[in-house]
S.K.: 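What follows is a structure written as structure tokens; I'll ask about it next.
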Amino acid sequence: MLDHLTVVKHPLVQHKLTIMRDKETSTAGFRQLLREISLLLAYEVTRELDMTEKTIETPMQPMQAPTLDGKKLALISILRAGNGLMDGILELIPSARVGFVGLYRDEETLEPVEYYFKVPEDLGDRLVIAVDPMLATGNSSVAAIDKLKEAGAKNIRFLCLLAAPEGVKRMKEAHPDVPIVTAAVDEKLNEHGYIVPGLGDAGDRMFGTK
Ligand code: URA
């Protein structure tokens, strides 16, 4: 069982995150680093997957070899910034099923508003990994996980790049059964609900919309 919070301290993760935080890093650079870092985070979030064995034949002899057990896992992107994390993970787990939860944050209330929901069938039989680079207030993450549970998901993990202590606390209260994997927990949220020191708006930085 993963802990409720795992902070991935691997030097490569921390080095890449520092470059991503730097406001001088270009959109292209940010996107490339996000893809690279997502592979390293995916390695952590897929720890302790169920395994089984199957018989194969190497060029030398037959053997019982370990292989993943159960149905393909479901990777759920919390739009839009989740897509940046998801692309890299799909390179590592190309057979994953993919879903999308569309939420935007009302800038005044900071509450999540849903505009899209499309997820694989049989969510209850799969490990579900929800991805969103920024766990800020936790409002949209909690709402997304609520929706995934309503759709039948029972075994969920949450992967983000950066978290605020407020978001971690909110997730722990609302969904204590959902382990969080992140590269860092920053100092706090500012009055606009942004993580500080943070990296700014992850969607804008990866898509160049500002
Ligand atoms: N979403 C972002 O993209 N950045 C933050 O700091 C908080 C929420």
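Note that the structure is predicted; figures quoted are calculated from it, not measured. Whatever order the structure lists ligands and atoms in, that order sets their numbers, starting from 1.
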S.K.: Does the structure place the NZ or CZ of Lys118 under 6.0 Å from the centre of the six-membered ring of Phe100, at an angle of no more than 45° from the ring's axis?
M.R.: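 The answer is no; the distance or angle limit is not met.
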S.K.: Quick one: ligand 1 N/O to protein N/O pairs below 3.5 Å?
M.R.:
unit_1, atom_1, unit_2, atom_2, d
ligand 1, 3 (O), Ala202, N, 2.7
ligand 1, 4 (N), Gly200, O, 2.8
ligand 1, 6 (O), Ile195, N, 2.8

S.K.: Using 0.5 Å steps for rounding, measure from the CG atom of Asp132 to the CD1 atom of Ile145.
M.R.: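 If we round to the nearest 0.5 Å, Asp132:CG and Ile145:CD1 are 9.5 Å apart.
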S.K.: Nearest 0.5 Å please: distance from the OG atom of Ser26 over to the CD1 atom of Ile19.
M.R.: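 CD1 of Ile19 is found 11.0 Å from OG of Ser26.
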S.K.: Looking at Leu73, Thr46, Val45, Asp50, which one forms a side chain to side chain contact (heavy atoms under 4.5 Å, CB included) with Leu127?
M.R.: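 Of the listed residues Leu73, Thr46, Val45, Asp50, the side chain to side chain contact (heavy atoms under 4.5 Å, CB included) partner of Leu127 is Leu73.
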S.K.: Is it true that atom CD of Glu53 has more than 12 heavy atoms of other residues, nucleotides or ligands lying nearer than 6.0 Å?
M.R.: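 Count over threshold, so yes.
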S.K.: On a heavy-atom basis, which atom in His4 and which in Pro176 lie closest, and how many Å separate them?
M.R.: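 So the two residues come closest at CD2-O, 3.6 Å.
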